[in-house]
Structure formats: structure tokens, C-alpha cells
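Below: the structure, in C-alpha cells.
Chain letters run A, B, ... following the sequence lines, proteins first, then strands; residues in each count from 1. Hydrogens, waters and symmetry mates play no part in the numbers below; they use all other heavy atoms, side chains included.
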2 protein chains.
Amino acid sequence: MARIKDVAAAAGVSVATVSRVLNDSPSVNDETRRRVYDAMSALNYVPNAVARSLRTTATRTIGLIIGDILNPFFTELARGVEDEARREGYTVVMGNADERPDEQDHYVRTLLEQRVDGLLICPTAELTPLVQQLAEAGRPLVFLDRSIAGLDVPTVRSDGASAIAELVRHLREQGHRRIALASGPATLSTGRERTEAFAAAMAAEGLELRPEYVRPGDFREGSGRRITAELLDLPEPPDAVFFGDNLMTLGGLEEIRARGLRIPRDVAIASFDDVTWFKHIDPPVTAIAQPAAEMGRHAVRLLLSRVNGRPAASAVLPATLVIRRSCEGKGS
Amino acid sequence: MARIKDVAAAAGVSVATVSRVLNDSPSVNDETRRRVYDAMSALNYVPNAVARSLRTTATRTIGLIIGDILNPFFTELARGVEDEARREGYTVVMGNADERPDEQDHYVRTLLEQRVDGLLICPTAELTPLVQQLAEAGRPLVFLDRSIAGLDVPTVRSDGASAIAELVRHLREQGHRRIALASGPATLSTGRERTEAFAAAMAAEGLELRPEYVRPGDFREGSGRRITAELLDLPEPPDAVFFGDNLMTLGGLEEIRARGLRIPRDVAIASFDDVTWFKHIDPPVTAIAQPAAEMGRHAVRLLLSRVNGRPAASAVLPATLVIRRSCEGKGS
DNA sequence: TACCCTCATGAAATCGATTACACGGAGGAG
DNA sequence: CTCCTCCGTGTAATCGATTTCATGAGGGTA
């Protein structure tokens, strides 16, 4: 491929001048500039970002590590990140941690080697030493969706507490009393928060929260299915199940369907995370929607603040309840 | 951040030796190697891939440009690409073309600047001069999902012809005669192929294909909805509609639901592309499944062949019909 | 005419790695 | 004892850009 030197030779100028043209420096004569452009297109010149990055120590690249690329929530998040980064002239390098700390660390390492200007992480359950060290070294870092206690890292997440309170009230109004929670892992902030908000909401509505009705999963389809089976096998199975995320809801649907049960007559369901196709399910699924794309965009804004040496404050965006038919009363 | 020079100083060796340790060169004394490793971890040394790439002219990075990150088909494709690339020690840099030629070209340019070792493209409708030039320059390039005529570029796609034939037979057996197609754009190879296979299948089953029943969309939700509306507004609306991809199916579901029609009693539907949640739709949707993840993995294998100077042959993977209830006969 | 600016440009150092080549010492063969 | 090999290591060139500093031409002012 053509190098800056070749362009310089073809245009009859020095490499310094070509570089000035590349970087829109004002102190280049118009006629010279034109000659340089001509040479560039004649040679199909593509500037080498690798060399430029080495010299400038900036790559105009940010890393994004998500929990699971097949989860539509993360996909929408990624979409928001992409859009905003693109707007600011940054490229996103994405890694899929598959909810595993070792995969997460693999990508952190790779992205650090590639010298991304900043890092956006949806942290997995465990705080790994690598991530901790990164945070303590003060590198531009923003957590997304999930927070980690004790680390001073700006975080963008959504607050589902009030939506969960609304949901529990809705369930009670529809006549449901024995409400179960198939939650995320207690090791994840999102898992804990949703569990706590649910417990608080149950208390507020004067409903009893039985210990056997609260079961932690791992935010993946399999655990949703397993937990649903366990709940339905209980001597006194719940009226309604609230799932911690959309994949666990999918697992729950699977199990309920396999048993030939009817929603909401036999058991009502609700989901944290809304996804497009919930409205086409039989019956349409009541869900709590997070502003995923906006979370992604906001996180990029924070990260670029940090990259440019400006401060960044954590943000909490509201989640909202979307009522559909999967929680309707037994009588209806 | 610590540089190789710092590590060398701390370990009391030259940079060449540190570099040899980094690259697992056998000709380093064990004791020396240990000292170098100690120095590296004491300094939290992270090798600079930018500098390495500049010197070696390889980045161990591949670019992937997909049509739409919110389309689960592409997501699964991306997952397959990621997995295989990771296995081979490559990082994937992904760009979302949003089905727009200009966005696609933007990412092609950016990825070229970043000097990715190879490029995986799901080409948008138009063949842009940039992509054409790339192909002609013989750069490592593989097309995914969609092919472009007249270019000698290895392509990985799936063949839906036999599955479409099966589907049409199934529809006929279920008593459907007036079958419509909400297809993809004729400018896309996938759109054309599915349309042709459908026409051939209709002929093979002795069914009439009315011109007003074949309408091209753009593989996005909106066009699925619009076409469905147009079809249902026809003086003699179709019995069954076959959608060109999962997003168009989603649009169709939307419109059918909005009109209060019942599937399959009022109109039967089937989809190209299968997605997890089709089996939970009311009623479960008959679909043609593409091996998306495997397509992604295969494409990476081809691309890395090309990167390493070996030849790569195009591949066609079979798509399979998954029968569910959305096409059942009116009487059943 | 002498002096000082400004403007456009070039020469060369630099970023952090890899790698060709050189070199010194140890050990074996004759 | 001399010569040759091989092993482990170091020196320095190199990749392709950016950027500092120097320079020369041209124009205005005293």
C-alpha cells in the first residue's frame, strides 16, 4: 500500500506537507494542497492509523465489553454505544464476555494492548484483579448496566425500583398473591437491586414473600427454565413469576409451554427487560423496559469526558412498566 | 505506561531479549526469561499492539461489517464470527452498516485505515466503487450472507431453495392456494434468490403466482408491515404470506394483529430466518432456519485462509424448514 | 538599503515494538 | 593449542506517521 512518502514523492513535496494536508493544517498553500490530494487519489492512499496512533498515543477507538451478544438488551445497548461513538469519530471494538470473568479479562487485556482510548464494561459477577487495577490506575473506564461496590468508577445503569413497585401493585390488583421471583445472581448488582426492590414492593403491598419463592439464576435461558420448573414443582406453586431478565423469561416460557400450562390462567408472568417480540407472544408479556440505547449513548458521553480529562458523573436512567396481558387476573 | 525499554532496564537486559521473551523465542536462557517475566509483572507491562503492528504489518484483527445489529440473524452471525476468530487469536472489529451503502463504506474505510488483516462484509444492495476496488486489488475479503455478481470474492451463504420448495408444498397440503411473498429487495442477492426459489416452487406445485402477490421490501420491519397491509387490502387477499426475513415477519405480525385477524385462520404466515422466540408466538411461526453461527465461523476460516495466502472457496450451507402452527389448514 | 515579519515548506527526531546482523564465550574436534 | 560451532545476547535499522525547529522567499517599514 502507498505510504505517505510515496504521496510526497508523487506530489513533489515533503512528508511533512502531506501530513499537514491530512490533518487540515491551515498553513498549506491551496495549490500545494490540491497537488497532494491529487497524488493521494492517484495512489489510492489510505492513511495508516497504526502509525498515526503510535505517534500520537491516541487510537480514537473505544472498547466495549458486553455480557452476552445474543441478549437483545445488550445488542440494543451496543447499538447506542456505536451510534454515539460514531458521532464523535470513534470506532468501537466489541468483545463478548459470555458472562464469564475469564473471557471478560481476556478482552480487557486485548483491548489494552490495542491501546483503546477508553473502556466500557458491563462487568461480570466477580470483580477481577485486572479490572480493579485498571480502576485504581485511573484509566478511562465506565461501567455499564452493572455497578461494582467500592470502586470509584462512573456507572450508567437504570433504576427499576419504582417500575417493580408498580408491577407488584398491578399483580396484586389482578388478584395474584403468591408471587415468585426468578432473579439474577446476587453477585451482580442488577440481580441484587431487582431482588431488593421486589422484596420492598411486596412488603409495601402487604404481601408475604416466601423464601422458597425467591430463586437466583444467572440471567440466562437455562436458569430461567430450571427455576420455573422448581417453582411449579413446589407443593404450593406461585400464582405469578417475575423474571430477572428477558432470557430467563424465555426459559420460563419454554418450561410453562412444555407443561401445557396456560398464561396467565395457570401462572402469570412478567419480565425485566422488554423486547420487541414480547407483544407477539401468547399472551403478550408484561415487562419493565430499560432505555438500553440511551444508556449506551450516555455511557459513551461519560467515557469521552474522562478521555478528555473532564470529570464524569454516574447516571441512573428510569425503567418503565409496560402492561400487557400476561399478568391478567385469573377471572378475566 | 511501561514500555519494553523499561522492562529491559528493570530486568537488566536489552530490549531485544524482552521482545524475544514476548514472542516465545526459544533462544532465551531460562533464568533470563524468568527475570524478564518478573520485571513485566512488577511494572504491569502491557505490550503495545500498535507498535508491534506497525513493525510486523499485521494487526491480528479482522473487520466485520453487518447489515443491522438489531437483526437477530446478524447477531448470531456475529457470534459465530467472534467465536472462530477468538479461537484463532484474532480480534473482531465490528461495524453496523444499517443497510446503507454510505455507512458500509465509512466502515470499510475506517477498517482499512486500522489495517485489519481481512474484511468480512455482508454487502448492502449497491456495489460501491470502494468495495469493487478492494476486491479487484485482491485484498483478503469474504462476503457473508449476500453475494455480488461479477466479483471474484469468496462468499458464504445459505441455500434456501429446497426449504422454500418444502414450505410451498406444506402450504399447499394445508389447503393454501393464494400464497403471497413479502420479499427482500431485488437489489440484494438474498432477495432475488428467495423470490426465484419461491416462484419455482409455486410452479412445481402447480400454483398460480399472481404478480400482485409478490412485493419487494427492504428486510426491515416497516416494509413487512406496509406490504402486509397492501396485501390484505387487495380485493382478493392472499391465504398465506411468506416473509423474506425475520424483521419483515415482525412487521407482518404487527399489522395482522392491528387488524384483529387470526393466524392461520384468516391468513397463514411463514418466515425466512428462524429466531428463538418464534416458537412462543401466538401461534408458533413456521420458519426456514439458516445456520447463522456456522456461516460466521466458516467465513472466518475462509478469510484466514486468504490472509495466509491460501485459496478460499465459496460455501453454501443448507437452510432447513421448521414447521410450526402458523401455516396450518383453515379447517384444522 | 537594512531589518524584521510572515508564510510555506523541509529535515530530522520520535513513538514502541521486531529482527537482521554482529559478537563474545564455552565447548568440542583435530 | 588452535579453530570452528553454537548459544545467548546486544546494537541498530526499520515500520509510517506527527511535530518541532530551522530556513528561505517575499513584503513592509524606517
Exercise for the section: Identify the 5'-most and 3'-most nucleotides of DNA chain D with at least one atom closer than 4.0 Å to a non-hydrogen atom of chain B. Expected result: D:dG8 to D:dG16
[N] [atom2] sits how many Å from [X] [atom1], rounded?
{"X": "A:Ile4", "N": "C:dT9", "atom1": "CD1", "atom2": "C1'", "value": "14 Å"}
{"X": "A:Asn29", "N": "C:dC7", "atom1": "CG", "atom2": "C1'", "value": "10 Å"}
{"X": "A:Lys5", "N": "C:dG10", "atom1": "NZ", "atom2": "P", "value": "16 Å"}
{"X": "A:Arg115", "N": "C:dA17", "atom1": "CZ", "atom2": "C1'", "value": "10 Å"}

Completion exercise
Heavy-atom nearest nucleotide on DNA chain D taken for B:Pro26 and for A:Asn48; more 5' hit belongs to B:Pro26
Completion exercise
Its contact letters, B for base, S for sugar-phosphate only and - for none at protein heavy atoms under 4.0 Å, make nucleotides 19-26 of chain C read BB------
About how many Å separate [atom2] of [Y] and [atom1] of [X], when rounded to the nearest 0.5 Å?
{"X": "A:Leu247", "Y": "A:Phe74", "atom1": "CG", "atom2": "CZ", "answer": "9.0 Å"}
{"X": "A:Thr91", "Y": "A:Arg60", "atom1": "OG1", "atom2": "CZ", "answer": "9.0 Å"}
{"X": "B:Arg192", "Y": "B:Thr187", "atom1": "CZ", "atom2": "OG1", "answer": "7.5 Å"}

Completion exercise
Of A:Val50, A:Thr56, A:Leu54, A:Asn48, the one forming a side-chain contact (heavy atoms from CB on, under 4.5 Å) with A:Arg52 is A:Thr56
Fill in the blank from the handout: Checking B:Asp98, B:Asp102, B:Asn96 against B:Arg100 for side chain to side chain donor-acceptor pair (under 3.5 Å), the one that qualifies is B:Asp102
Looking for any heavy atom pair under 4.0 Å, which part of the strands does [X] touch: base, sugar-phosphate only, or nothing?
{"X": "A:Val50", "result": "nothing"}
{"X": "B:Thr32", "result": "sugar-phosphate"}
{"X": "A:Val18", "result": "nothing"}

Exercise for the section: Look at B:Arg79 together with B:Glu82 and state whether they make a salt bridge at an N to O cut-off of under 4.0 Å. Expected result: no
Exercise for the section: Scan for side chain to side chain donor-acceptor pair (under 3.5 Å) pairs involving residues 2-11 of chain A, sequence neighbours excluded, and state none if there are none. Expected result: A:Arg3-A:Asp6
Exercise for the section: Would you kindly say whether B:Thr124 and B:Glu99 are connected by a side-chain donor-acceptor distance under 3.5 Å? Expected result: no
Practice task
Would you check, one step at a time, whether the test side chain to side chain contact (heavy atoms under 4.5 Å, CB included) holds for A:Val116 with A:Tyr90?
Solution key: CA-CA 10 Å; A:Val116 291; A:Tyr90 281 75; over 6 Å; no
